[in-house]
Amino acid sequence: MSVPHPAPLSEASYSAVELLPGDDEVVLLDQRRLPAVEEYVRLRTSAQVAQAIATLAIRGAPAIGIAAAYGLVLAAARGEDLAEASARLRATRPTAVNLAWALERMARAPGDRAALAAEARAIHREDVEACRAMGRIGAAHVPDGATVLTHCNAGALATGGYGTALGVVRAARESGKRVRVVADETRPVLQGARLTAWELQRDGFDVTVITDSMVAQLMRRRGVDLVVVGADRIARSGDVANKIGTYGVACLAAVHEVPFYVAAPWSTVDLACPDGDAIPIERRSADEVTQLGGVRVAPEGVSVDNPAFDVTPARLIRAVFTERGEAAPPGERTLQALQPRSC
């Protein structure tokens, strides 16, 4: 069922998922249909939310954490077993730690619908505040007139609003700096071409889409001043899991001496995970690789490997921006320094 979104897209307020008044329906922008169709769908059960997360109707580590929290509110509204609903939601996307973090936080709230709704909305609100805070921190590293390369989509669509990597870009522009964005297409699902370009174009940014294979040449020609990406999980070592292809961009940035930064909320930092080798990597359907827009581009029956994420070693990252400050260079010492003493 499609519905109009209650508010227009803007830098100040935009969200890809919302819990509607009454606390018994969730509305989300179906990101599978962008940029051709802007469609908002209503979800009424936790199972529908889980399906939306699994099929990428809603995606981005912070956003799926928020969606999962709202899914538990729907479970409470319909008298579902909350533990079963939580387990179903948790199983949808194993790499993004924000999903488990949000569900664990919801588990500590009273189990009635009103209390769960209040906690879920707090998670959403705090994520937007975190994005704005890390955006201001990261913007200090963006020179006036810079060209910023980003991979995948780490904007308002992937968060509660504003964005992580794109939050840095937005904050830089809000501070009066001129900034241009180059968006990798991000194969195989094209989040950069479909979502980052759509979002930035709607916000009036100077944005250019390139294929993933063009990054090396662009950097060789000094066409990039810095790289900023988001993250799905940051290990204690400072290793970062992000959309597949990020590691390759980081390697190219190192070769061409281009600063490589990561922006992510503290909920993405997993201090219990020792390093990148311990991060679970989601494997997705072969159809994402063998088909493009529903059209087959590879031989029928060919073998396919489709990891959704890769891991960038901490040594390739100049700094990680969080709402609590920056870890530069990222590693156990600098990340632990951002951890509150009470935790």
Side-chain angles (χ1 to χ4, degrees), residues 2 16 28-39 41 43 47-61 63-64 67-68 87-97 99-100 149-154 157-158 182-198 209-218 229-233 239-252 276-313:
S2 63
L28 61 82
L29 172 58
D30 190 343
Q31 297 185 35
R32 297 167 300 187
R33 305 200 67 189
L34 289 175
V37 178
E38 186 176 339
E39 180 181 24
V41 296
L43 308 178
Q48 289 175 336
V49 174
Q51 179 71 2
I53 294 171
T55 60
L56 306 185
I58 181 77
R59 31 71 48 207
I64 64 175
R88 182 188 306 115
L89 289 160
R90 183 187 291 253
T92 55
R93 304 293 305 275
T95 302
V97 73
L99 180 60
L149 176 76
T150 192
H151 187 76
C152 195
N153 172 261
L157 291 171
V182 175
D184 290 347
E185 62 174 349
T186 321
R187 281 284 289 152
V189 189
L190 304 178
Q191 293 96 328
R194 295 188 304 106
L195 305 179
T196 296
W198 179 83
V209 175
I210 63 171
T211 68
D212 296 354
S213 58
M214 294 176 183
V215 174
Q217 175 68 358
L218 185 65
V229 300
D232 288 82
R233 188 182 302 227
D239 296 345
V240 171
N242 194 48
K243 183 55 57 183
I244 191 71
T246 303
Y247 177 36
V249 173
C251 289
L252 290 168
D277 290 339
I279 298 175
I281 300 298
E282 176 186 355
R283 322 294 290 201
R284 294 190 60 83
S285 167
D287 289 346
E288 292 181 351
V289 176
T290 61
Q291 298 179 21
L292 191 60
V295 177
R296 176 165 288 278
V297 295
E300 189 79 43
V302 71
S303 181
V304 171
D305 187 20
N306 186 20
F309 304 93
D310 57 25
V311 175
T312 299

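These figures come from a predicted structure and were not determined experimentally.
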Salt bridge present between E185 and R187 (N-O < 4.0 angstrom):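 No, E185 and R187 are not salt-bridged.
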4.5 Å side-chain heavy-atom contact, [X] and [Y]:
X	Y	value
F309	I244	no
D184	I210	yes
L292	L190	yes
T290	V302	yes
V189	R59	no
D277	D239	no
L195	T186	no
V37	D30	no

Rounded distance [0.5 Å steps], [atom1] in [X] versus [atom2] in [Y]:
X	Y	atom1	atom2	value
D212	C152	CG	SG	10.0 Å
T312	H151	OG1	NE2	9.0 Å
I58	L43	CD1	CG	9.5 Å
I53	I64	CD1	CD1	6.0 Å

Can you give me the closest heavy-atom contact between [X] and [Y], atom names plus distance?
X	Y	answer
L56	Q31	O-CB, 4.1 Å
K243	A308	CD-O, 3.2 Å
A197	V209	CB-CG2, 3.6 Å
R93	A54	CD-CA, 4.5 Å
L89	A68	CD1-O, 3.5 Å
L28	A57	CD1-O, 4.1 Å

Sorted by first residue and then second, give each side-chain hydrogen bond (donor to acceptor under 3.5 Å, both in side chains) pair with at least one member in residues 47-56; sequence neighbours left out. R32-T55
Chi angles and distances behind the side-chain contact (heavy atoms from CB on, under 4.5 Å) call for I279, D232: CA-CA 10 Å; I279 298 175; D232 288 82; over 6 Å; no
I'd like to know if the side chain of [X] reaches the main chain of [Y], judged simply by a donor and an acceptor atom lying under 3.5 Å from each other, with no hydrogens or angles considered.
X	Y	answer
N306	S285	yes
R233	P94	yes
T95	P280	yes
N242	V229	no

Between R194 and N153: side-chain donor-acceptor atoms closer than 3.5 Å: no
